[in-house]
Amino acid sequence: MASFHTRSMPDLLNTLKSRNNNMNNKNTRDNRKISNGQTSVSQIYNDRTSSNSSFLELYDNDDDDFNYEEGSDKNNNSLNSFTESYEIIENDRLSKEDNDEDDNKNSTTTTTTTTTTTNNNNKSNNNNINIPFSTASSAAYMNPADSLNSFDRYGFKKENSYVTESQYDTWWKEYSVYSLRRKKKWEILLNKSGISINNNIPKRYPPKSEKLKRYIRKGIPAEWRGEAWWYFARGDEKLNKNKGLYDNLLQKINSKDVIIGDAEIIERDLNRTFPDNMHFMKDTENEPSMVSSLRRVLYVFALYQPEIGYCQSMNFLAGLLLLFLDEERSFWMLVIITSRILPNVHSVNLEGVNVDQGVLMLCVEEYLPEFWFKINPQAAALSSRSKHLSLNHHHINMSNTPFSNDSSLSKNDFLFKLPPITLCTASWFMSCFIGIVPIETTLRIWDCLFYEGSHVLFKISLAIIKLSESALQQSNSSNNGSSGSYSSSNSSGNNGTGAFTHHNNNTNLLNRHSLIRRKSKLSLHDSHSNTVSNNSDDIDMEIFQTMQTFPKTLLNPNDIFEKIIFKKKYDFNSLNQEEIDRCRKYVVLQRTKYKNYVELLSKKKDRINNNNEGFSDVKEEEDSNLFGDITTPGGITKEDIERALTSEVYGFKRNLTSVHWNNSIKQKVRQMRKRDR
Amino acid sequence: MSGGRKKNILKVIILGDSGVGKTSLMQRYVNGKYSQQYKATIGADFLTKEVTLDDSSSHVNNSNSNNNSNNNFNNDNSRTQHNNNTSNGSKTATLQVWDTAGQERFQSLGVAFYRGADCCVLVYDVTNLKSFENIKVWRDEFLLHANVSSPETFPFVILGNKIDVDEAKKVVSARQAQDLAKGLGDIPLFFTSAKSSINVDIAFEEIARSALQQNQLEDDMFEDDFNDAINIQLDNGPSSCQC
């Protein structure tokens, strides 16, 4: 619903109610406003009520001239300064065209410029920065008296328990310039590829390429997002095969021909979906139209896909989609996410979640061994690699983790008895990071998700864990090293360690994080300062808590992308969809074997002891104590066990492209190309 | 069974149907706040809170049920819990409160962290009969997965939440609730409102106290820890059976 507004809320809510049906048109128009200089501000303003077609004509002969002079006095000022800074960015860009590796340098230059040009404008600063993304009303966001500053361009409250409004504004000032520049680059890319966008929202994109992938990883322009996601997820394919289905299902629901089993839970979650977003906020008596749309999408989905019905977290998926796409397309995107991208993840038994968490744990074991040993100390003791790592702080715990101090521990045990941390990371996958990381970061992940596929979620998870190591370290030092459990030892010589030593920004991140910790008053250090505890509960608790809170501080998507995802030195960046799919298959197989094994045991048990009728439907997640009871009576041969559990350990493909020399070759090629030109 | 000697962390699990107010109760207790704006919980969250308990009292018993709380547990809404009148017998502990997703299907994810719990809080919504009827289901589910050493004595606390609403909206009577609590083994019962901050602190006093008692009970049984089912691995099976 094209809702990147900075208008006042009442204004917005009113418009929202009235424009439900033509949101795409609006989207189109708004985009024209943004990058076409020929229009006067008054024209833009008037256009809020004008019809779509006539408006399109207004813009047919566009050029790149940024001429806002005709605008009304009220709005002129901020627009001019916007234009000015935009032109500077533009010049800057032209000199560095095609060299989009140097975003950081670039952004420092442009930021300074913006600051100086907008200084005279006082309060309208934030507003003019918002121009490129705002869709509906130019007039409203140009008004300095507008009290809208506490909401971001998608309608979310800027402030939450982890980020203050001023932190947000500071970041946004810089990031909005970045976004602007990226959009310009996108336009050039599309033009070069022969895709004429005419300041419209692009409906198609060039064929997949490394370059396109890089562009997407740097962010799709906010107002293009809905269409872009739809395009990359091949939404039209789905929709064309099922024309009219959405409306038919909706009709069925309206006529009360059908009963939606999960209706009650859906209803309960409607008001718990983005309560911090103005489009979902309850407005006195009337239900926001967005909430009504959400209801319809979720009901229709439950009817369409009964084996999923409704699963909590889908409310967030659908809710976010509705901010960018109309109802029907949001529905089909939800279908695509839950079937193609995250199969079985939202199904009744959530088996897909367990599978993906198993895959994630395999990845962690492979790529982030230090963290792996932290969440799984026994593995550290067992691993041959452990001698290379400084693990002296990991006393073997008589812990309550399922991994006991048993040397015959199956190497794949964690695939069936997932470590507690997966309770936290499961939600990362189920909601595709909505609510886990701040919205701008979420959207960037979504850009990649639809272009690259689900393996992005794993990569991002690994990147977040990697980044969180410094937070864990930080909390450790603030603990006075009492428990000593979190020295993530940069010196351990493992891959990708220098990550937290060479970024200035990273210290900001750390400070921010420690600040947040203090702010949220999670009494961790208190508990540590009093008692020196080696209890694994402490470790579990602290890791869990960090994993719960740390991602919420990742306001800037580039904290993940520029610092981790674009760095080839991190081996996990070589993960691709093929690998993840292979890994998923492997985990499914292992879990099936385990399930069979459990069934085998319960059968034996039934034979031996018929009293236990309650255990005949043992699930795979069943407690291990069952086996303790079962195995002792005997009756199971070693062969039975082996047959059930034989497994080859999963091996990751080592990708040569991740090696450094390749990078330098690429640079040389680029230089040669430049010379040729 | 969690095997933590000297463990000063008390693990509390909050269970109950979706929307009964688990997150609100936890937030009210830990942060003293209430907001209409909680999102639906996916997976699980937890918060911690430091509590000071009188060590001796926890050994007494927790048979005192309902709204009668003794005062050896010092707790208030402010976050600084360190109380001056804590004698030698007192003990600080960290209450680790786990908030869970209420939708039934999330059960298959959450079972792993039931283990090691010291107390389980069962929440229903006084305006929602089904959530009340499910209390027993949640309890059984917990016992099935938590692997507690003696299910008969494991401490539960029942909270009937949203007591602030109009009488007309209430569908579960106090009588019904008391009968249920009694039937399930004299489980302490509190009628709470996270919104209006009614009985929340008192309820959590009881929760912390019974958690501490349970925790110490388990410490006493530490020697038996080798029988702890959790430590029995899948692959121990063959080695410990007749072959």
Side-chain angles (χ1 to χ4, degrees), chain A residues 265 268-269 272-276 311-313 315 348-350 353-354 398-400 402 404 406 408-410 413 417-418 420 423-424 426-427 430-431 435 521-524 526-527 530-531 533 535 537-538 541 544-545 548 619 621 623-625 627-628 630-634 636-638 641 645, chain B residues 1-9 11 18-19 31 35-50 79 92 94 96 101-106 108-113 115-116 130 144-147 225 227-243:
Chain A
I265 300 177
R268 207 170 289 137
D269 280 353
R272 303 198 293 167
T273 307
F274 303 138
D276 57 337
C311 176
Q312 289 188 318
S313 73
N315 56 327
V348 175
N349 62 6
L350 300 185
V353 178
N354 290 321
M398 304 290 281
S399 73
N400 59 347
S404 75
D406 175 6
S408 67
L409 171 78
S410 159
D413 224 25
K417 295 167 197 157
L418 293 160
L423 250 184
C424 176
S427 65
M430 297 190 77
S431 61
K521 300 198 180 151
L522 304 168
S523 54
L524 276 175
D526 298 329
S527 70
N530 292 337
T531 44
S533 168
N535 197 309
D537 277 1
D538 286 1
M541 185 169 81
F544 198 100
Q545 198 144 47
Q548 211 174 257
K619 284 182 291 191
E621 296 87 1
D623 252 342
S624 57
N625 70 329
F627 317 126
I630 301 158
T631 46
T632 27
I636 295 173
T637 64
K638 223 173 181 171
I641 312 267
L645 279 182
Chain B
M1 53 151 275
S2 59
R5 279 162 294 187
K6 309 263 160 48
K7 183 169 98 165
N8 61 352
I9 294 168
K11 184 170 173 180
S18 172
N31 291 326
S35 159
Q36 302 268 17
Q37 301 203 337
Y38 294 122
K39 294 178 185 173
T41 307
I42 312 295
D45 286 334
F46 85 80
L47 287 176
T48 57
K49 178 155 173 144
E50 292 252 313
R79 205 158 295 116
T92 30
T94 305
Q96 188 188 92
Q103 197 180 8
E104 203 182 330
R105 63 183 73 178
F106 282 84
S108 65
L109 296 184
V111 291
F113 79 108
R115 291 199 185 97
K130 202 168 148 232
L144 181 66
H145 295 293
N147 192 24
D225 205 40
N227 292 334
D228 182 356
I230 286 168
N231 285 337
I232 294 172
Q233 288 295 313
L234 194 49
D235 344 68
N236 294 7
S239 54
S240 61
C241 74
Q242 88 261 30
C243 40

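These numbers come from the heavy atoms of this one structure, side chains and all, not from hydrogens, waters or symmetry mates. Throughout, a chain's letter reflects where its sequence line sits, starting with A, and its residues are numbered from 1.
The nearest pair of heavy atoms linking B:L47 to A:Q545 is CA-NE2, 4.4 Å. The minimum heavy-atom distance between A:R268 and B:G19, with the atom names listed, is CD-CA, 3.4 Å. Residues A:Q312 and B:T41 come closest through the heavy atom pair OE1-O, 3.7 Å. Considering every non-hydrogen atom in both A:I265 and B:Q103, the closest pair reads CD1-CG, 3.8 Å.
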* Could you walk me through whether B:F106 and A:M430 pass the side chain to side chain contact (heavy atoms under 4.5 Å, CB included) check? -> CA-CA 11 Å; B:F106 282 84; A:M430 297 190 77; 3.6 Å; yes

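When heavy atoms are compared at a cutoff of 4.5 Å, B:S35 does not approach chain A at all. Contact of A:L423 with chain B is made through backbone and side chain together, with heavy-atom distances under 4.5 Å.
One finds the CG atom of A:N349 at 10.0 Å from the CG atom of B:L109 (value rounded to the nearest 0.5 Å). Within the model, atoms NZ of B:K39 and CG of A:D276 stand 5.0 Å from one another, a figure rounded to the nearest 0.5 Å.
Residues satisfying the side-chain hydrogen bond (donor to acceptor under 3.5 Å, both in side chains) criterion with A:S313, sequence neighbours excluded, are A:H346. The salt bridge (charged side-chain N to carboxylate O under 4.0 Å, His left out) check on A:D269 picks up A:R272, with sequence neighbours excluded.
Of the residues considered (B:A101, B:S18, B:A44), B:S18 shows the highest number of contacts with chain A, using heavy-atom pairs under 4.5 Å.
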